[in-house]
Number of protein chains: 2
Amino acid sequence: MTVSVRDVAAAASVSVGTVSNVLNHPDRVAPATVERVLSAIERLGFVRNDAARQLRAGRSRSIGLVVLDVRNPFFTDVARGAEDRAAEEGLIVLLGDSGANGTREAAYLDLFEEQRVHGLLITPLGEDLARLERLRRGGTPVVLVDRQAPPGGFSSVAVDDVAGGFLAVRHLLDRGRRRIAFVGGPLGIRQVSDRLEGARRAVAEVPGAAIEVFPTGGLTVPEGRTAGEALQARTPVERPDAVFAANDLLAMGLLQALILGGELRVPEDMALVGYDDIDFAATAIVPFSSIRQPAALIGRTAVDLLVREASEPRQVVFRPELVERASTQA
Amino acid sequence: MTVSVRDVAAAASVSVGTVSNVLNHPDRVAPATVERVLSAIERLGFVRNDAARQLRAGRSRSIGLVVLDVRNPFFTDVARGAEDRAAEEGLIVLLGDSGANGTREAAYLDLFEEQRVHGLLITPLGEDLARLERLRRGGTPVVLVDRQAPPGGFSSVAVDDVAGGFLAVRHLLDRGRRRIAFVGGPLGIRQVSDRLEGARRAVAEVPGAAIEVFPTGGLTVPEGRTAGEALQARTPVERPDAVFAANDLLAMGLLQALILGGELRVPEDMALVGYDDIDFAATAIVPFSSIRQPAALIGRTAVDLLVREASEPRQVVFRPELVERASTQA
DNA sequence: ACTACGATTTGAAACGTTTCAATCCTCTTC
DNA sequence: GAAGAGGATTGAAACGTTTCAAATCGTAGT
């Protein structure tokens with residue numbers, strides 16, 4: 001049925017070894033022979049079988065990337081950065097979406113392990129890194145994405161989420177707000193708890209400031225909307241005067257509930273800061289302030305570390321920065 | 001180095017054939033033996049080598065999906081739908097991003113062909129389907145996504161883009177607008193030219209209405225911004241009073257240029273309709289009207305057709321619908 | 001006790017590639 | 001004209017799995 005290297009060899013009157021050499025080491029083959037083999041390949045419509053190639057090589061040329069949510073523009077930007085860098089190395093990226101779900105995460109890890117991926121990029125869900133540790137020991141380089149690893153262990157590329165949370169809430173306090181709401185969850189996700197930690201520190205520095213946590217079940221627009229309705233329902237005296245959302249999707253949902261659904265004004269009644277600075281933040285119904293992370297660069301760097309992993313694990317940490325917009329104007 | 005089926009066989013004192021049967025046809029093996037093999041697998045940390053598996057099987061369990069732009073939420077929604085349906089069939093989706101670039105599209109096709117994917121889902125770039133036709137004849141089912149195929153050829157799942165364009169512009173005309181701008185491009189992309197075609201038909205039905213095309217180099221936010229600046233620069237008398245953007249990312253860019261960058265009001269000075277109805281349209285600085293397409297359902301259906309492709313190619317066409325928002329209020 | 005039959009298990013072949021030691025040529029060089 | 005160098009080519013082994021015909025075992029029926 002399908003054309004194999006053997007058929008090509010026969011058609012070009014050479015051995016299979018030569019055909020393989022034409023494909024992989026053209027310099028070792030006489031130009032005239034290369035020509036002849038290439039034309040046979042063309043004529044027969046031969047297409048390399050990657051499975052056989054990998055089987056022989058012992059390792060594939062793809063790297064697995066497991067993210068928390070593909071629908072979050074932050075992660076697609078990371079993916080894009082990773083793909084670009086991977087392409088430079090002749091590698092391709094397989095994108096898996098764990099949906100912040102432990103079972104799906106495990107399923108993708110199984111899959112990538114069976115595929116003998118060249119390496120693994122992952123935004124791990126919980127604190128249990130045993131599985132990843134096993135993989136790493138088995139010879140598959142692993143890079144933690146958007147999650148700082150303790151030195152000496154995994155390579156990692158992350159943004160200082162505690163600093164980011166601090167930055168966000170400090171900004172709200174600077175604007176004179178004192179009753180801060182933190183919207184985000186589940187707290188089991190490291191990014192969320194770190195951002196909250198930073199927020200608390202900022203609040204601790206200012207006498208009279210307080211923070212209240214509005215936990216959510218996930219980092220999505222609908223969850224944000226639900227939280228917004230809860231805020232909305234409060235009487236003016238017991239209502240926070242500012243919100244820090246753990247990511248921009250939540251912030252979007254909050255805006256929907258506060259402005260479209262309710263009658264609150266942003267920033268007058270409630271200031272808002274988000275996290276990630278996705279493209280859509282600048283064009284939101286009230287363009288909102290956000291903590292920017294260099295998404296594409298994170299992806300790019302992750303692949304970088306992966307390629308060098310052979311030598312030695314390294315931890316890279318980027319600094320987040322505040323982008324001010326209308327949602328926190330005086 | 002790595003544990004193979006042979007090692008497991010030795011450890012469990014059975015033949016390799018039996019190990020394979022435990023993995024693939026447990027019912028053919030005596031319960032006690034299954035137990036013994038499973039425990040050996042556990043003990044040795046055996047992981048199936050997918051390359052060898054595929055080599056033997058002749059075909060992989062993954063299906064390739066090539067989209068025009070992963071950063072467009074419409075396509076990630078399609079991907080999500082496809083993944084869900086694929087998971088039900090025990091298949092996994094490999095996501096490729098052509099970036100509306102012929103070279104990258106070809107590269108992904110090469111890759112997927114070498115991987116002997118189970119099937120291919122693609123939003124093809126141009127009109128040249130010869131390559132896909134060859135693939136199909138070679139036994140790899142192909143489903144065209146978001147692009148209608150002529151009956152008898154490929155399976156396809158699409159939305160009637162001409163109808164969508166018609167719907168959008170008809171709505172603008174109903175609102176009393178007469179000078180319509182169409183923002184989109186390149187026109188080589190079928191979706192774009194179809195939507196324009198529908199727009200023209202709507203205009204043709206109303207005496208005194210005119211349409212002007214503002215071509216863009218792509219369907220992205222920055223391209224929309226550029227087009228917006230061009231609109232912005234017009235004097236009031238020669239400026240259109242409504243815009244139909246070929247997709248929502250363009251619409252976002254237009255909003256940025258018109259409102260944030262300029263001094264035009266939406267919808268008073270310029271009404272706006274987008275296409276795709278991505279989640280962010282409802283929360284834009286001016287929530288804008290858009291033509292909704294059932295993205296996740298499209299993905300889901302595409303996999304559905306793929307699985308059935310063996311039997312007979314089918315063409316599915318969904319109807320787009322208008323969602324009205326503030327950008328086209330009276 | 002003998003046969004037949006079904007349930008288990010076995011072991012070698014096959015999938016299509018790459019690698020590598022061995023072989024074959026063709027020129028140089030002395 | 002012989003020896004040697006070195007480029008080009010060959011062909012078999014190996015990668016790890018699944019399949020399938022054949023072998024083995026145990027048991028029920030007569």
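All chains are named by letter (A, B, ...) in the order of the sequence lines, taking the proteins before the strands, and each is independently numbered beginning at 1.
- Taking every heavy atom of residues 38-46 of chain B and every atom of DNA chain C, no pair lies under 4.0 Å.
- From the 5' end on, the contacts that DNA chain D makes with chain A at under 4.0 Å to a non-hydrogen atom open and close at dA8(D) to dG16(D).
- Remark: Thr18(B) pairs with Ser15(B) by the side chain to side chain donor-acceptor pair (under 3.5 Å) rule, at least two apart or across chains.
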N/O donor-acceptor pairs under 3.5 Å from side chains in residues 40-49 of chain A, not counting sequence neighbours:
unit_1: Arg48(A); atom_1: NH2; unit_2: Asn24(A); atom_2: OD1; d: 3.1
unit_1: Asn49(A); atom_1: OD1; unit_2: Ala51(A); atom_2: N; d: 2.8
unit_1: Asn49(A); atom_1: OD1; unit_2: Ala52(A); atom_2: N; d: 3.3

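- In plain terms, the two heavy atoms of Val145(A) and Thr123(A) that are nearest each other are O-OG1, 3.4 Å.
- The heavy-atom pair separating Pro294(A) from Val159(A) by the smallest distance is CD-CG2, 4.3 Å.
- Between Gly153(B) and Arg136(B), the shortest heavy-atom contact is O-NH1, 3.4 Å.
- Heavy-atom distances under 4.0 Å link DNA chain C to no residue of residues 108-119 of chain A.
- Within the nucleic acid shown, Ser4(A) comes within 4.0 Å of sugar-phosphate atoms alone, with no base atom in reach, counting heavy atoms only.
- Nearest heavy atom pair, residue Ala100(A) against residue Leu125(A), reads CA-CD1, 3.5 Å.
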Legend entry - B/S/- contact track for nucleotides 4-9 of chain C, protein heavy atom under 4.0 Å: ----SB
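- Proximity of Val66(A) to Leu121(A): side-chain heavy atoms (C-beta onward) are nowhere separated by under 4.5 Å.
- Side chain of Gln191(B) to backbone of Asp146(B): a donor-acceptor contact under 3.5 angstrom is found.
- In the region residues 54-61 of chain A, proximity to DNA chain D at under 4.0 angstrom, judged on heavy atoms, holds for Leu55(A), Arg56(A).
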Indicate every side-chain donor-acceptor pair of residues 70-85 of chain B with a distance under 3.5 Å to a residue at least two apart or in another chain.
unit_1: Arg71(B); atom_1: NE; unit_2: Asp77(A); atom_2: OD1; d: 3.3
unit_1: Arg71(B); atom_1: NH2; unit_2: Asp279(A); atom_2: OD2; d: 3.1
unit_1: Asn72(B); atom_1: OD1; unit_2: Phe74(B); atom_2: N; d: 2.9
unit_1: Thr76(B); atom_1: OG1; unit_2: Pro73(B); atom_2: O; d: 3.0
unit_1: Asp77(B); atom_1: OD1; unit_2: Arg71(A); atom_2: NE; d: 3.3
unit_1: Arg80(B); atom_1: NE; unit_2: Asp97(A); atom_2: OD2; d: 3.1
unit_1: Arg80(B); atom_1: NH2; unit_2: Asp69(A); atom_2: OD1; d: 3.4
unit_1: Arg80(B); atom_1: NH2; unit_2: Asp97(A); atom_2: OD2; d: 3.0
unit_1: Arg85(B); atom_1: NE; unit_2: Asp304(B); atom_2: OD1; d: 2.4
unit_1: Arg85(B); atom_1: NH1; unit_2: Glu88(B); atom_2: OE1; d: 3.2
unit_1: Arg85(B); atom_1: NH1; unit_2: Glu89(B); atom_2: OE2; d: 3.1
unit_1: Arg85(B); atom_1: NH2; unit_2: Glu89(B); atom_2: OE2; d: 3.1
unit_1: Arg85(B); atom_1: NH2; unit_2: Asp304(B); atom_2: OD1; d: 2.8

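- Taking both residues in full, the closest heavy atoms of Thr140(B) and Gly119(B) are given as CG2-CA, 3.9 Å, listed atom of the first, atom of the second, then distance.
- A salt bridge between Arg147(B) and Asp194(B) is absent, with no side-chain N of the basic residue lying under 4.0 Å from a carboxylate O of the acidic one.
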Between the protein and nucleotides 22-27 of chain C, which nitrogen or oxygen pairs come in under 3.5 angstrom?
none

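- Under the 4.5 Å side-chain criterion, counting only non-hydrogen atoms from C-beta, Phe154(A) is in contact with Glu133(A).
- The backbone N or O of Arg314(B) lies less than 3.5 Å from a partner atom in the side chain of Ser155(B), making a donor-acceptor pair.
- Across all strands shown, Arg48(B) has heavy atoms under 4.0 Å from sugar-phosphate atoms exclusively, and none from any base.
- When the local axes at the two ends of the helix from dA1(C)-dT30(D) to dC30(C)-dG1(D) are compared, using 5 base pairs at each end, they differ in direction by 50° after rounding to 10°.
- Here CG of Leu38(B) is found 8.5 Å from CG of Leu23(B). Values are rounded to the nearest 0.5 Å.
- In terms of heavy atoms, Ala158(B) sits closest to Gln148(B) at CB-N, 3.6 Å.
- Across Leu120(B), Ile92(B), Val93(B), Val117(B), a single residue satisfies side chain to side chain contact (heavy atoms under 4.5 Å, CB included) together with Ile63(B), and that is Val93(B).
- Looking at residues two or more places apart in sequence or on another chain, you find a side chain to side chain donor-acceptor pair (under 3.5 Å) between Asp50(A) and Arg61(A).
- Taking the side chain as every heavy atom from C-beta outward, Arg134(B) and Arg137(B) never approach each other to under 4.5 Å.
- Nucleic acid contact class of Asn24(A) (heavy atoms, under 4.0 Å, all strands): sugar-phosphate only.
- Taking CD1 of Ile122(B) as the reference point, atom CG of Leu144(B) lies at 7.5 Å (rounded to 0.5 Å).
- Evaluation of the salt bridge (Lys or Arg N to Asp or Glu O under 4.0 Å) test over residues 24-41 of chain B, restricted to residues two or more places apart or in two chains, returns none.
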